[in-house]
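Take a look at the following structure, please.
Convention: sequence-line order gives letters A, B, ...; per-chain numbering from 1.
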Amino acid sequence: MLHLFDTATGTVTPLRRRTPGEVSMYVCGPTVYGPPHLGHGRFALVFDVLRRYLMWSGDEVVYVSNITDVDDKIIDRAAAEHTTADVVAHHWEQMWWQAMDRIGVLRPTHDPHATAYIADMVALVADLIDRGAAYVLDDGVYFDSSAVADYGLLARQSLDSLRAGARVDVDDAKRSPTDFALWKLAKPGEPAWPSPWGAGRPGWHTECVVMSLDLLGDGFDLHGGGADLAFPHHENERAQAMACGRPFARHWMHNGFVEVGGEKMSKSLGNFTDLTDLCDRHDPRAYRLLVLRSHYRSPVEVSEASATDATRALERLDAFARRMAPLLSNGSANVSGNSHAGVTPDPAVLDSFARAMDDDLDTPAVMDLVFTTVRSANALADAGNADAAAPLGAAVFVVCEAVGLMLDAGAADAEVPAELLELARQRDAARANRDFAAADHLRDRIQAAGWVVEDTADGTALRPG
RNA sequence: GGCGGCGUGGCCGAGUGGCUUAGGCAGGGGCCUGCAAAGCCCCGUACGUCGGUUCGAUUCCGACCGCCGCCUCCA
């Protein structure tokens with residue numbers, strides 16, 4: 001039974017599903033006004049791991065993650081680039097999905113766009129006004145935070161203390177600093193939709209309420225996002241739903257920050273914070289490994305050094321995959337990805353995996369398990385006990401796949417250039433004749449072409465360097 | 001000011017009142033190998049400071065120091 005830390009209660013509790021065997025989850029997606037950064041990558045990976053684990057456990061998962069395509073930042077960028085908000089949003093959304101594909105994040109079941117839900121949002125705002133939970137000012141409509149008795153639940157602070165700490169300027173007419181915009185009247189040139197209060201656009205906190213309830217229904221199972229969304233974004237979503245009398249998320253989950261040099265990552269700290277850039281410079285799987293290796297609620301340090309570290313660890317896993325693949329494929333099937341046909345994965349390993357994941361997604365323990373199992377299987381294989389190694393190898397494949405870490409069993413011979421295969425064949429012949437000078441010369445030539453040479457029982461094996 | 005988190009060996013990063021006190025990367029030694037590569041074995045003996053509780057604390061309590069986050073757009 002999966003247990004998760006719930007931000008609303010501050011405790012680790014069992015995930016109680018609305019419907020047994022199904023999990024409905026909503027994860028706040030990006031505002032598409034710029035390149036995806038490492039922080040986006042982390043939340044996407046964390047929730048992708050959760051989703052995959054639920055699926056692996058047999059749950060039917062409905063995963064909704066939105067695209068915020070109307071927002072002040074998009075408008076600002078469009079103005080700076082002398083184009084329209086539409087163009088900006090569309091472009092960066094493409095970049096977003098590209099990056100998600102690269103880091104192996106599954107596409108959401110639904111990916112609602114704010115602009116497709118304007119009418120529903122207008123209806124929600126009108127309802128809030130009717131219920132006395134919102135009020136109209138001359139620049140828009142605001143939510144009255146005092147309308148919800150337990151406002152501050154996710155911040156784990158009282159309304160009074162939140163008000164006391166508010167750092168907002170008091171120059172606007174909001175009744176309280178904790179009140180927030182539901183509808184912003186448009187200034188000239190800004191994107192606008194009609195409403196009873198005048199042409200304008202929705203406030204940021206409204207879209208997720210409408211879209212989550214529409215696609216997942218009242219009382220859906222889990223709502224998540226980065227830790228900085230807990231307050232005010234999620235607090236405000238929840239407040240709107242409560243004020244309308246709609247049961248909202250049953251469980252709240254937030255992931256920790258990515259840090260660079262011990263501080264919350266920021267764009268000013270250089271291009272390494274760009275997710276695309278990280279994927280260009282390292283195996284994209286390295287970032288997933290980095291994320292898995294730390295607990296999702298802890299900060300994770302990302303640097304050139306930690307990415308390199310993770311890449312090396314990955315090479316170890318890939319080397320293991322290459323070694324195990326022949327044992328798991330009945331020697332015939334083309335082994336790619338995490339294929340493990342024909343061998344039953346070690347049940348004890350799978351059991352340990354599930355226990356660790358059920359304990360608030362203890363992925364560090366899972367990585368411990370993976371590497372420890374790899375060592376055991378290698379040792380058995382070294383001892384010539386392939387039959388004992390194979391189930392461990394299969395279990396490693398299963399576990400890695402269940403958290404989205406796809407091991408690379410290496411290129412098939414067909415993918416190695418023919419001339420290199422010929423050199424490898426000549427090298428085997430030279431070695432058979434104990435002509436090591438010639439063999440080493442051939443190895444040098446192969447390595448010069450960028451390939452790594454490994455001796456195996458079957459002769460020279462090549463893989464990309 | 002309010003709320004919360006963190007300080008672990010060269011680096012990343014778990015965890016625990018004592019019992020062989022993760023794992024990865026890097027480093028050292030060994031085995032294997034014609035030499036490598038890959039792999040296996042062994043090694044470092046760490047928990048911010050000062051007190052307290054305890055037979056015993058890195059782990060519990062307190063104080064302090066340092067760092068970070070949220071309270072404003074933010075994954």
Quickly work out the A:Trp451 CH2 to B:A38 P distance and round it to whole Å.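 The distance from CH2 of A:Trp451 to P of B:A38 comes to 17 Å, rounded to the nearest Å.
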Is it the case that B:C35 (base atoms only) and A:Asp455 (side chain only) share a donor and an acceptor within less than 3.5 Å, ignoring hydrogens and angles?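 Per atom types, the contact qualifies.
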Between B:G56 and B:G24, how far apart are the C1' atoms? Round to whole Å, please.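 Each nucleotide's C1' atom is 32 Å from the other's.
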Are A:Ser161 and B:G1 close enough that a side-chain N or O sits under 4.0 Å from OP1 or OP2?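 No, no such contact exists.
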Using atom C1' in both nucleotides, what's the gap between B:A14 and B:G7 to the nearest angstrom?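 Each nucleotide's C1' atom is 15 Å from the other's.
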When you check the phosphate oxygens OP1 and OP2 of B:C35, does a side-chain N or O of A:Arg431 lie under 4.0 Å from one of them?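 For B:C35, OP1/OP2 do not have a side-chain N/O of A:Arg431 under 4.0 Å.
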For B:U72, the Watson-Crick or wobble counterpart (both distances under 3.5 Å):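 Because no pair has both required distances under 3.5 Å, B:U72 counts as unpaired.
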Presence of donor-acceptor pair under 3.5 Å, side chain of A:Asp228 and base of B:G69: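 Check fails, no donor-acceptor contact within cut-off.
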Please state whether the rings of A:Trp96 and A:Phe43 are parallel, tilted or perpendicular, taking 30° and 60° as the class boundaries.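 Ring orientation of A:Trp96 relative to A:Phe43: parallel.
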Watson-Crick or G-U wobble mate for B:A57, both contacts under 3.5 Å: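 Pairing partner: none.
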Options B:C70, B:G24, B:A75, nucleotide nearest the side-chain atoms of A:Phe231: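 So the nucleotide nearest the side chain must be B:C70.
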Flag, side chain of A:Asn66 to backbone of A:Gly29, donor-acceptor distance under 3.5 Å: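 Yes.
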Among residues two or more places apart or on two chains, list those pairs meeting salt bridge (Lys or Arg N to Asp or Glu O under 4.0 Å) that have a residue in residues 143-152 of chain A.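 Every pair satisfying salt bridge (Lys or Arg N to Asp or Glu O under 4.0 Å) with a residue in residues 143-152 of chain A: A:Asp150-A:Arg238.
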Of all the choices, B:A75, B:G23, B:A14, which nucleotide is nearest to the side chain of A:Thr31 once you look at every atom?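 Taking heavy atoms from C-beta onward, the closest nucleotide is B:A75.
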Report the distance from atom CD of A:Gln157 to atom P of B:G4, rounded to the nearest whole Å.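 From A:Gln157 CD to B:G4 P: 8 Å.
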Between A:Phe47 and A:Val105, is any pair of side-chain heavy atoms under 4.5 Å apart?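 The answer is no, as the side chains (C-beta and beyond) never meet within the 4.5 Å cut-off.
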Which of these nucleotides, B:A38, B:G39, B:C35, is closest to any side-chain atom of A:Arg323?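 That would be B:G39.
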Just N and O in the side chain of A:Arg375: are any of them under 4.0 Å from OP1 or OP2 of B:G24?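 For B:G24, OP1/OP2 do have a side-chain N/O of A:Arg375 under 4.0 Å.
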Once you round it to whole Å, what is the distance between P of B:C73 and CG of A:Leu229?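 Checked: the CG to P distance equals 12 Å.
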Whole angstrom is fine here: how far is it from CG in A:Leu162 over to C1' in B:G69?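 Distance, rounded to whole Å: 15 Å.
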Determine which nucleotide pairs with B:A38, using a 3.5 Å limit on both distances of a Watson-Crick or G-U wobble pair.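 Result: none.
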OP1 or OP2 of B:A75 under 4.0 Å from side-chain N/O of A:Asn255: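 A:Asn255 to B:A75 OP1/OP2: no side-chain N or O under 4.0 Å.
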In terms of side-chain heavy atoms of A:Asp382, which of B:G23, B:C40, B:A14 is nearest?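 Among the listed nucleotides, the one closest to the side chain of A:Asp382 is B:C40.
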Taking OP1 and OP2 of B:C40, is either one under 4.0 Å from a side-chain nitrogen or oxygen of A:Arg316?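 Result: yes.
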For the side chain of A:His37, starting at C-beta, report the closest nucleotide among B:A26, B:A75, B:G23.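 The nucleotide sitting nearest to the side chain is B:A75.
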Please determine, for the side chain of A:Glu454, which listed nucleotide (B:A38, B:C73, B:C70) has the closest atom?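 Closest of the options to the side chain of A:Glu454: B:A38.
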For the side chain of A:Arg463, starting at C-beta, report the closest nucleotide among B:A38, B:A36, B:C71.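 When the side chain of A:Arg463 is considered, B:A38 is the closest of B:A38, B:A36, B:C71.
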Classify the side chain of A:Arg443 and the base of B:A36 as holding, or not holding, a donor-acceptor pair under 3.5 Å.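 Yes, a donor-acceptor pair under 3.5 Å.
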For the side chain of A:Phe436, counting heavy atoms from C-beta on, which of B:C25, B:A75, B:G34 is nearest?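 Nucleotide nearest to A:Phe436's side chain: B:G34.
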For A:Phe371 and B:A14, give me the distance from atom CZ to atom P, rounded to whole Å.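 Rounded to the whole Å, the gap is 15 Å.
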Which residues satisfy the side chain to side chain donor-acceptor pair (under 3.5 Å) test with A:Asp76, sequence neighbours excluded?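 For A:Asp76, no residue satisfies side chain to side chain donor-acceptor pair (under 3.5 Å) once neighbours in sequence are set aside.
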